[in-house]
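The structure under discussion appears below in the form of structure tokens.
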Amino acid sequence: MDTADLRKARGAFFTPEPVCHFMAGWAVRSVEDSVLEPACGEAAFMEASVRRLADLGAHPSEMHISGTDIHEPSARTARSLLKRHGVRARIKVGDFLDSRPQAEYDAVIGNPPYIRFHDYTGDARSVAMGAALAQGVRLSKLASSWAAFVVHAAAYLKPGGRLAFVLPAELLAANYAGSVRRFLLERFGSVNLILFEEQVFPGVSTEALLLLCEGNGGTDHFTVRQLRSVSELDDPAQWLKYRPTSNSDKWTGALLSGLAGPSLLADLQGHGSFVTLADWGTISLGTVTGNNGYFAMSPERANELGIGMDELVRISPPGSHHLRRIRFTSSALVALGRSGAQSLLFRPPGNPSKAAAAYIRQGERSGVPDAYKCRMRTPWWRVPQVPVADLLVTCMNADTPRLAVNEAKAHHLNSVHGLYLSEQYRGMASGLAVASLNSATLLGAELVGRAYGGGILKLEPGEAVQLPLPSPELLGGVSDKLTAMIPTLRKLIANGLLLDAVGLVDSVILERQGMLSHDMVVDLREARAHLSERRVTRGARSVES
């Protein structure tokens, strides 16, 4: 029996009929068109293509319809369904990505399997990577299954042919999808996206979009339609043009087509008023212990174990809630420890003391050395340590990333990133932390980061370095004004009034410098609010489903 769990394991999600109808209508344009549906399942797109060809005047016996599927029962069902229409379809059983492409189809249409990278392993992953590489696209090991399907499927198209796929919205923002984005813009003469406010697949948290590509020769832009739901597919709607800075850039900005915010941010960066975090210094992942519950401990716990400070390291406790106040001070770290937070890291520097040795034996009895990170180091209990960072950068955020000056000189775990300022900027840490709370940076965070479950905005190190921030030259002229605002800003933030704090920083960074008018700053805020609200709303829906 083909259960829901089995379908999920092979990445099969059945596409709603209105979507199949629309995509077949777009992709199939002539009675002579030949159509391929990779990973055809039970022939949803092939049936839609048959109906479309019939509407165009084609006789079933003249239709050139093909499909493949790795699941033999589904392929058998597909043949039966097409036979009822009088169509003798060519349907093969096997892995589409393991097939040798021939450019013989006018239209390739379908819904590629969606299997996340951690479930996409072994031979299947190797075949997928090889199929993409054969077309000149090197995929990251983090790529989900759909990415290789897009690249491989394009090789089956005749010159000028059309590709119509249902894809996860990871196409827009996932780092691993950068090579796919580049491929699409360099391969096709026309690239078009349709985005939806509501879920395409009811009960499935993954956000989906429609990708429609045709022609050859490449393009420097793509067009976007944003609809409320699939029920509006046949309604007239405006297509808006979006031109990414480079072919592999994220396409998140396409969600803001028609809003002025992204172009204003681009202007700020183009004029040199804003740079990236990478221009200020370097970002580092925090320490990976292998078991925070064992290695990170509260002062009270360390005292109970009899472990002295010479075998402990002061750390920013796991998580980042305590880093929302611009400065992370020694007094704040002490207060966290007194409240029971894990503000110390077990790390004997040499021969462990008697108490530390007893704790190590306790860890061994509990299986701590069996964790991967612990197994990979000698001795297992000596955690590698990254240098003390100038600022700590939150990477998991309900609202927006924060930069906190590390006045406590605490080491950090991998729940946050460390920012190490270039030598010439070391004295500007406080000003930079305040300056990061401006509307341009908040918008930039939504554009370079990505939405995770529950609506959380996550910044990986490779994304954090792209965060737009005021330039050192700009900040140098207003640093004193900004640092003088810290007491007021901290009160606002503590009372949940982040955007009020941002408004004060905007008045100094953006408006008083004459770079932007108040209306332009409002445009930045509107664009950021649009992305933030969309992220939070979709996150809430994913939790409900």
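Along the sequence shown, the residues carry numbers beginning at 1.
Taking each heavy atom of Gly319 and Ser415 in turn, the nearest pair found is N-OG, 3.1 Å. When all heavy atoms of Thr276 and Gln466 are compared, the pair lying nearest together is CG2-O, 4.0 Å. Taking all atoms of both residues into account, the shortest heavy-atom contact from Gly86 to Pro60 is O-CB, 3.5 Å. Shown here for Asp249 and Pro244, the closest heavy-atom pair between the two residues is CB-CB, 4.2 Å. In terms of heavy atoms, His417 sits closest to Leu459 at NE2-O, 2.8 Å. Across every non-hydrogen atom of Ala43 and Leu82, the tightest pair is CB-CD2, 3.5 Å.
Between Asp33 and Arg162 there is a salt bridge, with a side-chain nitrogen of the basic residue lying less than 4.0 Å from a carboxylate oxygen of the acidic one. The pair Glu463-Lys250 meets the salt-bridge criterion, since a charged nitrogen lies less than 4.0 angstrom from a carboxylate oxygen. Using a cut-off of 4.0 Å between Lys/Arg side-chain N and Asp/Glu carboxylate O, Arg525 and Asp506 are scored as salt-bridged. Remark: Lys458 engages Glu460 in a salt bridge, criterion side-chain N to carboxylate O under 4.0 Å. Note on Arg225 versus Glu232: no salt bridge recorded, every NZ/NE/NH1/NH2 to OD/OE distance being 4.0 Å or above. Electrostatic pairing of Arg324 and Asp399 counts as a salt bridge here, judged by a charged N lying under 4.0 Å from a carboxylate O.
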For this session: Would you please test Arg84 and Glu47 for salt bridge (charged side-chain N to carboxylate O under 4.0 Å, His left out) and show each step?
Result: CA-CA 10 Å; Arg84 292 179 194 174; Glu47 279 201 290; over 6 Å; no
Exercise. Stepwise, does the side-chain contact (heavy atoms from CB on, under 4.5 Å) test hold for Glu446 with Thr252?
Worked result: CA-CA 8 Å; Glu446 297 288 344; Thr252 317; over 6 Å; no
Exercise. Yes or no on side chain to side chain donor-acceptor pair (under 3.5 Å) for Ser273 and His271, after CA distance, side-chain angles and deciding distance?
Worked result: CA-CA 6 Å; Ser273 302; His271 296 152; 5.6 Å; no
Problem set entry | side-chain contact (heavy atoms from CB on, under 4.5 Å) between Leu172 and Arg450, intermediate numbers included | CA-CA 9 Å; Leu172 301 177; Arg450 67 182 95 166; over 6 Å; no
Exercise. Run the side-chain contact (heavy atoms from CB on, under 4.5 Å) check on Glu198 and Arg228 step by step: do they pass?
Worked result: CA-CA 6 Å; Glu198 298 180 0; Arg228 182 179 58 82; 3.0 Å; yes
Exercise. Taking it one step at a time, do Val19 and Asn111 satisfy side-chain contact (heavy atoms from CB on, under 4.5 Å)?
Worked result: CA-CA 10 Å; Val19 175; Asn111 181 1; over 6 Å; no
Exercise. Are Ser190 and Asn192 close enough, and set up right, to give a side chain to side chain donor-acceptor pair (under 3.5 Å), and what steps lead you there?
Worked result: CA-CA 7 Å; Ser190 174; Asn192 311 281; 3.1 Å; yes
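The structure places CG of Leu524 at 6.0 Å from CG of Leu516, a figure rounded to the nearest 0.5 Å.
Ring pair Trp251/Phe222: centre-to-centre distance below 6.0 Å.
The side-chain heavy atoms of Thr400 and Arg528, taken from C-beta on, include a pair separated by under 4.5 Å. With contacts defined as side-chain heavy-atom distances shorter than 4.5 Å, the pair Phe188/Leu163 qualifies.
Note on ring orientation: taking the six-membered ring where Trp is involved, the planes of Tyr176 and Trp146 are tilted (angle from 30° to 60°). Between Phe96 and His152, the two ring planes are perpendicular [angle over 60°; tilted spans 30° to 60°].
Crowding of Arg243 atom CZ: a count of heavy atoms from other residues, nucleotides or ligands under 6.0 Å exceeding 12. By the 6.0 Å contact criterion, CD on Glu32 is open, its count of non-hydrogen atoms from other residues, nucleotides or ligands being 12 or less.
Under the 3.5 Å distance criterion, with hydrogens and angles disregarded, a donor-acceptor pair is assigned to the side chains of Asn438 and Thr441. Side-chain contact annotation: Tyr105 with Ser66, donor-acceptor N/O pair under 3.5 Å present.
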